[in-house]
Amino acid sequence: MKRLRIGVVGAGLIGRKHIATILASQDAELCGVADTLPADDPYVRSLPVPYFASHRELLSAAKPDAMVIATPNRLHVPMGIDCARAGVHMLVEKPIADTVALACELLREAKRANVRILVGHHRRYHAQAQEARRIVAGGRLGKLVAVTALWATRKPDPYFDTAWRRVAGGGPILINLIHEIDMLRYLGGELASVAGVTSHAMRGFDVEDTAAATFAYANGALGTILCTDAAVSPWTIEQGLGENPVFPYTGENGFRFLGTAGALEFPQLKVWSSRDPAKVGWDQPLASEPVKVVDRDVYAEQIRHLRAVVDGREAPVVSGEDGTRTLAATLAVHESARTRAPVDLARDYAAIDDASR
Ligand SMILES: NC(=O)c1ccc[n+]([C@@H]2O[C@H](COP(=O)([O-])OP(=O)(O)OC[C@H]3O[C@@H](n4cnc5c(N)ncnc54)[C@H](O)[C@@H]3O)[C@@H](O)[C@H]2O)c1
């Protein structure tokens with residue numbers, strides 16, 4: 001079968017990861033890279049494929065089947081629209097856009113052009129995430145009652161030398177919490193409403209360093225999540241899975257899913273239930289069972305999946321519509337913190353449904 005010809009725009013931190021992944025892939029071939037870096041930059045010179053000064057040049061000269069868009073957030077939508085108009089499928093890094101309205105513009109263009117969008121919530125491809133989804137949806141915990149999640153780490157001080165990380169949009173809500181909210185949706189079901197509070201008391205920058213939210217699932221379950229980049233802790237998915245060498249492995253579980261018949265710790269997958277499954281109650285001794293799965297390279301899996309989606313063999317694990325719903329729920333934490341009122345997500349979801357029809 002023909003490999004998928006992929007271009008990458010944005011050869012920064014995550015773009016280079018995608019480039020290395022595509023170069024090593026059996027499913028895809030890298031047909032070009034675009035960035036604003038000078039052509040004599042050592043990284044650019046090391047590229048074994050044509051280099052372009054803009055994504056438009058890449059689109060017209062290299063004629064990719066699909067594009068990875070790994071540029072700063074504000075460029076995702078205009079670049080994505082150019083790809084759609086050129087009939088090119090895309091993997092857009094998260095967040096799909098800065099706002100739900102902009103994301104909807106991209107969804108509409110993609111629909112019109114009949115091109116597929118994947119959003120780069122790569123954690124959904126972990127074997128642990130897919131198994132956890134099966135455990136929750138398969139009823140092993142009974143009916144889902146509640147979820148509690150924690151993502152907490154202390155970003156090193158030099159991280160904040162970069163100006164955009166100290167102002168609105170550069171904080172842990174849009175950079176980190178969005179991944180956790182995506183995981184809460186992927187594992188627990190659709191969110192119906194969100195209420196949030198934020199604080200910048202630890203660093204005193206304009207941007208938040210800590211956020212907490214309560215949320216209601218459409219299925220009736222409730223949840224809480226706490227996210228901070230100012231506290232030392234072993235509880236991030238990165239540490240729990242060892243997915244990123246920057247975060248030394250702890251194997252700890254930051255997420256807990258609680259059901260009428262049992263509980264699940266995630267990402268290390270420990271299921272708790274009554275020792276005697278016929279008896280449920282606080283007087284019953286509990287037993288825990290580790291669930292063993294073999295993880296994989298999620299970036300490689302994401303590229304394999306992109307090809308399968310483009311070929312029409314698989315439904316998207318994270319479609320543009322799905323990524324926009326995650327964005328809506330994440331922005332709701334900011335909005336609720338500002339207005340001091342919970343946010344009902346129904347209006348955003350209606351706009352997203354309308355843009356994807
Ligand atoms: N999935 C993940 O875990 C993950 C991790 C990191 C970043 N991201 C997302 O990826 C995107 C990029 O983040 P990053 O950390 O790699 O940023 P970065 O600043 O390291 O890289 C961005 C790159 O885009 C290039 N660029 C800027 N304007 C351009 C233009 N007009 N045309 C072509 N190239 C242009 C820059 O020169 C730079 O090389 C962001 O949306 C971010 O949220 C996702």
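When a ligand or atom number is given, it counts from 1 through the structure's own listing order.
Here's the thing with Ala34: none of its N/O atoms is less than 3.5 angstrom from an N/O atom of ligand 1. Of the N or O atoms in Leu37, none lie within a sub-3.5 Å distance of an N or O in ligand 1.
Every atom of ligand 1 is numbered from 1 in the order shown, and the set under 4.0 Å from a heavy atom of Ala11 is 39 (O). When each atom of ligand 1 is checked for a heavy atom of Gly10 under 4.0 Å away, the hits are 23 (C), 24 (O). With ligand atoms numbered from 1 in the order given, ligand 1 contributes 28 (N), 29 (C), 30 (C), 31 (N) to contacts under 4.0 Å with heavy atoms of Leu75.
Of the residues listed (Asp82, Ile6, Leu59, Leu91), the one engaging Met67 in a side-chain contact (heavy atoms from CB on, under 4.5 Å) is Leu59, and it is the only one.
Nearest protein heavy-atom contact of atom 3 (O) of ligand 1 is His122 CE1, 2.9 Å. The shortest contact between atom 21 (O) of ligand 1 and any protein heavy atom is with Gly12 CA, 3.2 Å. The protein non-hydrogen atom at the shortest distance from atom 39 (O) of ligand 1 is Asp35 OD2, 2.7 Å. Atom 40 (C) of ligand 1 has its closest protein heavy atom at Asn73 OD1, 3.3 Å. Residue, atom and distance of the protein heavy atom nearest to atom 15 (O) of ligand 1 are Leu13 CB, 3.7 Å. Looking at atom 13 (O) of ligand 1, its nearest protein heavy atom turns out to be Ile14 CG2, 4.1 Å. Looking only at protein heavy atoms, the nearest one to atom 35 (C) of ligand 1 is Thr71 CG2, 3.7 Å. Scanning all protein heavy atoms for the shortest distance to atom 43 (O) of ligand 1 gives Lys94 O, 2.8 Å.
Of all the listed residues (His55, Arg56, Met79, His18), Met79 holds the heavy atom that lies closest to atom 32 (N) of ligand 1. Closest heavy-atom approach to atom 44 (C) of ligand 1 within the set His179, Glu93, Gln302: this belongs to Glu93. The option from Ala70, Gly120, Gly15 that lies nearest to atom 12 (C) of ligand 1, judged by heavy atoms, is Ala70.
Ring planes of His122 and Tyr299: parallel class, angle under 30° (limits at 30 and 60°). Note on ring orientation: taking the six-membered ring where Trp is involved, the planes of Phe257 and Phe255 are parallel (angle under 30°, cut-offs 30° and 60°).
Each side-chain hydrogen bond (donor to acceptor under 3.5 Å, both in side chains) pair with one or both residues in residues 275-288, not counting sequence neighbours, would appear here, but there are none. Applying the salt bridge (charged side-chain N to carboxylate O under 4.0 Å, His left out) test to pairs two or more places apart or on separate chains, those with a residue in residues 199-223 are Arg203-Asp229.
Proximity of Val9 to ligand 1, defined as any heavy-atom pair under 4.0 Å, is confined to the side chain (atoms from C-beta onward).
At least one heavy atom of His76 sits less than 4.0 Å from an atom of ligand 1.
Salt bridge Glu289/Arg140: present, at least one basic N to carboxylate O contact under 4.0 Å. Looking at Glu29 and Arg3, no side-chain N of the basic residue comes within less than 4.0 Å of a carboxylate O on the acidic one, giving no salt bridge. Under a 4.0 Å N-O distance rule, the pair Glu190/Arg325 qualifies as a salt bridge. Looking at Arg304 and Glu301, a side-chain N of the basic residue comes within less than 4.0 Å of a carboxylate O on the acidic one, giving a salt bridge. Salt bridge Lys2/Asp311: absent, no basic N to carboxylate O contact under 4.0 Å.
Closer than 4.0 Å to atom 19 (O) of ligand 1 lies none of the heavy atoms of the protein.
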If you apply the rule side chain to side chain contact (heavy atoms under 4.5 Å, CB included), what do you find for Arg16 with Tyr43, and how did you get there? CA-CA 9 Å; Arg16 291 180 195 200; Tyr43 176 76; 3.4 Å; yes
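Cation-pi geometry between Arg296 and Tyr125 is not satisfied (NZ or CZ under 6.0 Å from the ring centre, within 45° of the ring normal).
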